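In this text the structure is predicted, and so the values were computed from the model without any measurement.
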Amino acid sequence: DGMEFALTVAPRSGEGIIASLYLHPRYPRPLQVMCEVISAADTGSGAHWIRVKFEHVSPAVEDWLEKFIFRRHRRMVAQSRTAPRRQSD
């Protein structure tokens, strides 16, 4: 129902923005989702941590996004477990 990310310029809480989600390199066009800014916190490193909630997203799209993100995360975890570990000197 939302996401978090870093930006160099912080939008105001309650502001509407369009988030562009690039889901896979094979698909060069982003999925664009209307969002409302929930919070914007300064990280102290010149960036702001932004939290948004999706607006006007159908339950079917929410379900698809949830499954896509879960599968992607599971693949990343599996790949990190099978990757060869570097020996420290």
Side-chain angles (χ1 to χ4, degrees):
D1 62 346
M3 63 183 184
E4 300 179 3
F5 50 90
L7 287 177
T8 55
V9 178
R12 296 181 307 271
S13 287
E15 186 175 350
I17 65 171
I18 297 176
S20 297
L21 307 172
Y22 290 86
L23 302 175
H24 195 277
R26 289 184 186 170
Y27 309 111
R29 292 191 171 196
L31 172 65
Q32 295 185 322
V33 183
M34 292 178 63
C35 303
E36 179 185 340
V37 177
I38 302 300
S39 65
D42 188 355
T43 64
S45 63
H48 302 273
W49 194 248
I50 311 302
R51 293 183 63 208
V52 298
K53 69 177 180 176
F54 298 142
E55 295 287 320
H56 311 294
V57 176
S58 72
V61 172
E62 280 186 15
D63 185 52
W64 178 84
L65 271 172
E66 185 175 311
K67 288 177 182 176
F68 176 84
I69 292 167
F70 176 79
R71 288 183 193 130
R72 180 89 175 176
H73 178 262
R74 293 304 302 156
R75 280 189 202 119
M76 290 174 66
V77 169
Q79 289 173 352
S80 72
R81 290 183 179 165
T82 60
R85 296 181 186 236
R86 295 175 58 177
Q87 296 290 329
S88 56
D89 296 312

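Under the 4.5 Å side-chain heavy-atom criterion for grouping Ile, Leu, Val, Met, Phe, Trp and Tyr, Phe5 is connected to Ile69 within one hydrophobic cluster.
Atom CD in Gln32 sits 11.5 Å away from atom CD1 in Ile17 (nearest 0.5 Å). The CZ atom of Arg29 sits 15.5 Å away from atom CG of Leu21, with the distance rounded to the nearest 0.5 Å. In this structure, Lys53 NZ and Met34 CE are separated by 12.5 Å, a value rounded to the nearest 0.5 Å.
In Asp42, the CG atom is crowded: over 12 heavy atoms of neighbouring residues, nucleotides or ligands sit closer than 6.0 Å. Within 6.0 Å of NE2 on His24 lie more than 12 heavy atoms contributed by other residues, nucleotides or ligands.
Taking the side chain to side chain contact (heavy atoms under 4.5 Å, CB included) definition, one finds that Val57 meets it with Val33, Phe54, Val61, Glu62, sequence neighbours left out. The side chain to side chain contact (heavy atoms under 4.5 Å, CB included) test applied to Arg12 returns Glu15, not counting sequence neighbours.
Ile50 pairs with exactly one of Leu7, Val9, Ile38 by the side chain to side chain contact (heavy atoms under 4.5 Å, CB included) rule, that one being Leu7.
The shortest side-chain heavy-atom distance between Leu31 and Trp64 falls under the 4.5 Å cut-off.
Considering all non-hydrogen atoms of both residues, Ala40 and Ser13 come closest at N-OG, 4.5 Å.
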